[in-house]
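We use all heavy atoms of the structure for the numbers below, so side chains are in, but hydrogens, waters and symmetry mates are not. Throughout, numbering of the chain's residues begins at 1 and tracks the sequence.
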Amino acid sequence: MELLALLTVLLLAHAVAYLAWQAVSRRRRACCYLLDYACHKPSDDRKVTTEMAGDVIERNKRLGLPEYRFLLKVIVNSGIGENTYCPRNVLQGREESPTHDDALEEMDDFFTDAVAGVLAKTGVRARDVDLVVLNVGSFSPAPSLVSRLVHRFGMREDVMAYNLSGMGCSAGLIAVDLARNVMLTRPRTTMALVVTSESCTPNWYVGTDKSMMLGNCLFRCGGAAALLTNDPAFRGRAKMELRCLVRANIGAHDDAHAAAVHREDADGRLGVSLSKALPKAAVRAFTENLQRLAPRILPARELARFVSRLLLRKLLLGPRNNSKAEGGGSSPKIDFKTGVDHFCLHPGGTAVIEAVRKSLGLTAHDVEPARMTLHRWGNTSASSLWYVLSYMEAKRRLKRGDRVLMVTFGSGFKCNSCYWEVTRDLADAGAWEDCIDEYPPETLVNPYMDKFGWLNDLQGQGSGFIF
């Protein structure tokens, strides 16, 4: 009996020790550190200058004066400068007939620059990577792009590789979320490579549908690669630690699902259609995301202040007057700056940035990184957030202990956000190195109106004007 009791005690002690080890191990694996990242900077010969844009538009003989005026209005108000980048087939006058190899070349240029760059910066070998998550929204060849990446860099045979497509501009944070969740399932620590880009080559629109012409004015070539790990040994080298990530998808609503669609126009020409319902869908998805995000990142005193003011307002106004006041925009707002030091916003366009600024009560200084990114790089889709983060770092805004909130929007319709803590002072200029001293410029006004404003004085509906 004594021997049996002793064996029982030993088994229980072993079980407790094992469960404790499992809990500690899981807690360690739950961490997610951003080791480093690199943003793609295409070659200078791919820059979209005012003259080059005029040549591209003039080549499209389907366009008439109304379309010229529409494009002029959009590009003047876009917030985009003259240093963004386009695919080589557009530079070569082949935007109407892109080849499969053209699209692969665009991706290879990105891999060579950004992926090789982040591996070199960190000293991590390609064969040390355990997990690869790649997202490119509208180009999905076979073999997949992630397989092409694994082959190009000679990664291990047991590397876990995931290829995401069709996820839109919010896919960058979806890729981070997937990498983090896979890390949790592995018994050992993981080195994850997250690769984010978009393929502009096969998606340059050459028709006359105005909802699809917008994309040519906003979307530009770019991409980013980031290394994430849950290995505590890298904490001292890491730039930031992920604290939480929230995803909101309102695709069940018809108008939201159709807000941004990759489709053919009436003449069978492919492009991305941005509907008039997009702003409403963005607001709805943003609200849904913030409702779940706020309790996780804001101090209790701010949440208590907001709830108390909201209840007081309801008591003072009563149910009828309260419903009227909601339409007047006088509702109390949560101050996100009580829990966030830096706002890394998706530079989807000037209207998107301004809407988020007003919604969160931010200053011009808070949204400067997003506006400057839009001006310098354009909307590079899911990778845009990394250029915004790089601007903050280049300006030496990010200090140890600072809290960074990333917010992005994408087709579906989705709004994703994540919350980082900076683990050391950061000062790497990255892709901004050769131009950061020029930002912010004295004016963000581009020269399109100066050079092509005469279009608004013309009469008639003919085509063939030099834009």
Side-chain angles (χ1 to χ4, degrees), residues 66-67 70-71 73-74 77-79 135-138 140 164-174 177 198 203 205 207-219 245-294 323-329 331 333-334 345-360 370 374 378-382 384-385 406-418:
E67 288 79 22
F70 172 76
L71 287 170
K73 179 180 179 180
V74 171
N77 296 316
S78 66
N135 67 271
V136 173
S138 53
S140 186
L164 305 179
S165 63
M167 304 298 285
C169 297
S170 65
L173 296 190
I174 294 174
D177 191 32
E198 186 53 275
N203 297 297
Y205 181 62
T208 58
D209 187 321
K210 290 183 178 179
S211 71
M212 302 172 75
M213 291 163 66
L214 288 168
N216 291 356
C217 299
L218 294 173
F219 293 111
L245 193 151
V246 175
R247 294 167 56 182
N249 190 328
I250 60 169
H253 301 274
D254 292 341
D255 57 342
H257 182 70
V261 180
H262 194 218
R263 65 174 178 85
E264 293 178 336
D265 65 10
D267 298 315
R269 297 184 179 88
L270 190 65
V272 176
S273 174
L274 305 176
S275 78
K276 294 181 179 180
L278 193 150
K280 282 188 176 180
V283 169
R284 186 187 303 171
F286 189 40
T287 302
E288 178 66 28
N289 187 287
L290 292 184
Q291 286 176 349
R292 290 188 280 126
L293 176 70
S323 61
K324 291 180 181 179
E326 285 178 359
S331 300
K333 292 184 178 181
I334 293 182
L345 309 177
H346 173 56
T350 53
V352 172
I353 297 171
E354 184 62 16
V356 175
R357 185 192 70 79
K358 289 181 178 179
S359 178
L360 296 181
L374 181 64
N379 181 349
T380 61
S381 190
S384 293
L385 282 182
M406 288 183 169
V407 179
T408 188
F409 303 90
S411 59
F413 197 88
K414 301 178 287 293
C415 175
N416 300 324
S417 62
C418 67

Any residue meeting ring-ring contact (aromatic ring centres under 6.0 Å, His included) with Phe409, in chain and number order, not counting sequence neighbours: Phe286
[X]: what forms a side chain to side chain contact (heavy atoms under 4.5 Å, CB included) with it, not counting sequence neighbours?
X: Arg247; value: Ile174, Asp177, Leu245, Asn416
X: Ala256; value: Ile250, His253, Ala281, Phe413
X: Asp254; value: none
X: Ser275; value: Ala259, Ala277

With Glu288 via salt bridge (Lys or Arg N to Asp or Glu O under 4.0 Å) - residues at least two apart: Arg292
Test salt bridge (Lys or Arg N to Asp or Glu O under 4.0 Å) applied to Asp209 - qualifying residues, sequence neighbours left out: Arg263
List the steps and the verdict of side-chain hydrogen bond (donor to acceptor under 3.5 Å, both in side chains) for Thr408 and Ser170. CA-CA 5 Å; Thr408 188; Ser170 65; 5.7 Å; no
OG1 of Thr208 to CG of Asp267, rounded to nearest 0.5 Å, is 6.0 Å
Atom CE in Met167, atom CG in Asn249: separation rounded to 0.5 Å? 7.5 Å
Looking only at heavy atoms, which two atoms of [X] and [Y] are closest? And how far apart?
X: Ser211; Y: Ser273; answer: OG-OG, 3.1 Å
X: Pro347; Y: Ala370; answer: CB-O, 3.5 Å
X: Ala382; Y: Gly172; answer: CB-N, 3.5 Å
X: Phe70; Y: Leu214; answer: CZ-CD2, 3.9 Å
X: Arg269; Y: Met212; answer: O-CE, 3.8 Å
X: Ser384; Y: Asn379; answer: OG-OD1, 3.5 Å

Restricting to side-chain hydrogen bond (donor to acceptor under 3.5 Å, both in side chains), what partner residues turn up for Ser417, sequence neighbours left out? Asn289
Residues forming a side-chain hydrogen bond (donor to acceptor under 3.5 Å, both in side chains) with Ser381, sequence neighbours excluded: none
Begin with the C-alpha distance, continue with both residues' side-chain angles, and end with the deciding distance and a verdict on side-chain contact (heavy atoms from CB on, under 4.5 Å) for Asp255 and Arg284. CA-CA 11 Å; Asp255 57 342; Arg284 186 187 303 171; 3.4 Å; yes
Short side-chain to backbone donor-acceptor contact, Glu198 and Ser138, under 3.5 Å: yes
Run the side-chain donor-acceptor check on residues 349-356: report pairs under 3.5 Å with partners two or more places apart or on a different chain.
unit_1, atom_1, unit_2, atom_2, d
Thr350, OG1, Asn77, O, 3.1
Glu354, OE1, Arg357, NE, 3.1
Glu354, OE1, Arg371, NH2, 2.7
Glu354, OE2, Arg357, NE, 3.2
Glu354, OE2, Arg357, NH2, 2.6

Should [X] and [Y] count as side-chain neighbours, where that means a heavy-atom distance under 4.5 Å?
X: Leu290; Y: Leu293; result: yes
X: Leu71; Y: Cys217; result: yes
X: Asn135; Y: Ser165; result: no

How would you list all residue pairs meeting ring pair (Phe, Tyr, Trp, His ring centres under 6.0 Å) that involve residues 256-281, not counting sequence neighbours? none
Could you give all pairs that pass the salt bridge (Lys or Arg N to Asp or Glu O under 4.0 Å) test and reach residues 409-418, with sequence neighbours left out? none
Any Lys/Arg nitrogen of Lys210 or Asp265 sitting under 4.0 Å from an Asp/Glu carboxylate oxygen of the other? no
Kindly determine whether Val261 and Val272 satisfy side-chain contact (heavy atoms from CB on, under 4.5 Å), including the steps that lead there. CA-CA 6 Å; Val261 180; Val272 176; over 6 Å; no
